[in-house]
Amino acid sequence: MLDFIFPSVCPFCESVSKDRRVCNNCLSEIRFIKGGSICLRCGVPFDLTETSDQDARVESVPAHLCGECLLGRFYFDKARSVAFYYGLLRDMLHKFKYQGKLNLGEALSNILIENFPDDLDMPDIIIPVPLYIGRLRKREYNQSVVLGEGLSRYLRVSFNPFVLRRVRDTRPQFEIKNGDEKRKNVRGAFSLRDSREIKEKSVLIIDDIFTTGSTIDECARVLLDFGASRVQVVTLMRAVQI
């Protein structure tokens, strides 16, 4: 009776969908990264084609290190993303982050969980990238915390959203074009509350989007400086030109 009055709908398009999960039509519009050739360290995809058909991406070269990683630009050990920052999934994330559509949090978490990269090693603890307190008060929630809580339950791994804190606000990274300037922008923006939480532990940092990796890598640097044994990264999306 309740299903008749309140039918289960896809959280993305609101069409009828079993168990309120993302429907197959919406899933078909998401460009997943898994199966393509990527950088072995930072996970940036190679060999992208300008097409709406994700099956048309060509894996003509084996996975290897990209130029950035050959130069040793990152502190983290490995980073992986589930899908491209594109189209429907990008729009849903914007609604979740900026329009208060909290009901999308579970759906986005499920997409991350169901497509979790299989070449990441099991961590000891999951830590989200924190928001500056002013932004957190305005938004009232951290999207990376929502994603991290769901993933920690799935992996049965400890989750602590309070280990890292953002000690100063920074200029939005998307406003900065130069990679070195992006790194300078976030340098010293994070600190650790209690090093005992991560001492000699393998940490998995979680965030919603990987762009240049500057923000995530600054978090990794702080964690390693305070005794983490290893830092890996997972994000829901990867921003690249496709």
Side-chain angles (χ1 to χ4, degrees), residues 11 33 42-43 74-85 89-117 120 123-155 157-174 182 185-186 189-193 197-198 201-223 228 231-239:
I33 293 174
C42 76
F74 294 118
Y75 288 95
F76 59 74
D77 185 70
K78 187 186 295 184
R80 295 291 183 266
S81 303
V82 165
F84 292 102
Y85 182 61
L89 193 59
R90 176 195 60 200
D91 296 343
M92 293 302 105
L93 179 66
H94 280 201
K95 289 182 179 181
F96 175 51
K97 288 176 66 172
Y98 305 120
Q99 298 179 26
K101 302 294 185 180
L102 286 170
N103 62 303
L104 294 173
E106 183 178 359
L108 294 171
S109 293
N110 286 337
I111 289 173
L112 173 65
I113 289 168
E114 292 167 5
N115 299 278
F116 187 74
L120 287 175
D124 297 313
I125 185 171
I126 298 174
I127 295 175
V129 173
L131 289 177
Y132 185 65
I133 186 63
R135 294 191 189 187
L136 182 60
R137 285 172 178 163
K138 183 177 181 180
R139 192 177 299 172
E140 298 184 342
Y141 59 93
N142 180 348
Q143 69 281 352
S144 298
V145 170
V146 175
L147 295 174
E149 287 177 334
L151 182 62
S152 70
R153 289 194 297 269
Y154 171 72
L155 296 179
V157 167
S158 174
F159 176 71
N160 192 326
F162 305 111
V163 173
L164 275 175
R165 66 188 182 103
R166 199 158 191 152
V167 294
R168 65 177 178 85
D169 202 4
T170 55
R171 181 182 172 189
Q173 290 287 74
F174 67 83
K182 286 178 182 284
N185 185 50
V186 294
F190 301 95
S191 70
L192 209 67
R193 294 181 186 273
E197 290 289 331
I198 53 94
K201 291 183 179 179
S202 172
V203 178
L204 179 65
I205 297 175
I206 187 166
D207 205 4
D208 54 345
I209 309 167
F210 187 115
T211 50
T212 63
S214 301
T215 300
I216 290 170
D217 202 48
E218 177 64 10
C219 291
R221 184 190 68 80
V222 172
L223 291 166
V231 176
Q232 298 177 103
V233 175
V234 67
T235 64
L236 177 64
M237 282 179 270
R238 179 82 185 221

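Side chains included, hydrogens not; waters and symmetry mates left out as well; all remaining heavy atoms used.
Within the model, atoms CG of L131 and CZ of R166 stand 7.0 Å from one another, a figure rounded to the nearest 0.5 Å. Note: R139 CZ to K97 NZ = 5.5 Å, rounded to the nearest 0.5 Å. Here the CG atom belonging to L112 is positioned 10.0 Å from the CE atom belonging to M237, to the nearest 0.5 angstrom. Here R80 contributes atom CZ and C42 contributes atom SG; the two are 8.0 Å apart, rounded to the nearest 0.5 Å. Note that CG of L89 and CZ of F84 are 12.0 Å apart. Values are rounded to the nearest 0.5 Å. Between the NE2 atom in H94 and the CD atom in Q143 there is a gap of 10.5 Å [rounded to 0.5 Å].
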Step by step, work out the side chain to side chain contact (heavy atoms under 4.5 Å, CB included) result for S191 and R165.
-> CA-CA 6 Å; S191 70; R165 66 188 182 103; 3.3 Å; yes
Test side chain to side chain contact (heavy atoms under 4.5 Å, CB included) applied to L108 and V146, step by step = CA-CA 9 Å; L108 294 171; V146 175; over 6 Å; no
With side chain to side chain contact (heavy atoms under 4.5 Å, CB included) as the test, would you mind laying out the steps for T235 and I206 before giving the verdict?
-> CA-CA 6 Å; T235 64; I206 187 166; over 6 Å; no
Take V234 and F116 through the side chain to side chain contact (heavy atoms under 4.5 Å, CB included) test and state the conclusion after the steps.
-> CA-CA 8 Å; V234 67; F116 187 74; 4.0 Å; yes
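The two residues Y141 and K101 come nearest to each other via the heavy atoms OH-N, 4.2 Å. L192 and L164 make their closest contact through CD1-CD2, 3.8 Å (heavy atoms, listed as atom of the first residue, atom of the second, distance). Counting all heavy atoms, side chain and backbone alike, F96 lies closest to G105 at CE1-CA, 3.6 Å. The two residues F159 and P128 make their nearest non-hydrogen contact at CE1-CD, 3.6 Å. Pairing each heavy atom of I205 with each of A220, the nearest pair is CD1-N, 3.7 Å. V129 and N142 make their closest contact through O-ND2, 3.0 Å (heavy atoms, listed as atom of the first residue, atom of the second, distance).
More than 12 heavy atoms of other residues, nucleotides or ligands shown are found within 6.0 angstrom of CD on Q99. The number of heavy atoms from other shown groups lying within 6.0 Å of CZ (F162) does not exceed 12. Residue K95 qualifies as open at atom NZ: its count of foreign heavy atoms under 6.0 Å is 12 or below.
Under a 3.5 Å cut-off, the side chain of D217 and the backbone N or O of F76 do form a donor-acceptor pair. A donor-acceptor pair is defined here as one N or O able to donate and one able to accept, closer than 3.5 Å; such a pair exists between the side chain of N115 and the backbone of I111.
Listed by chain and residue number, I125 satisfy the side chain to side chain contact (heavy atoms under 4.5 Å, CB included) test with S158 (two or more places apart in sequence, or in another chain).
A heavy-atom distance below 4.5 Å is found between the side chains of S202 and D124. In this structure, V203 and V163 have side chains that are not in contact, with every pair of non-hydrogen atoms separated by 4.5 Å or more. No side-chain heavy atom of Y75 sits under 4.5 Å from any side-chain heavy atom of V231. Between V157 and L204 there is no side-chain heavy-atom pair separated by less than 4.5 Å.
Between the side chains of D207 and S144, at least one donor N or O lies within less than 3.5 Å of an accepting N or O.
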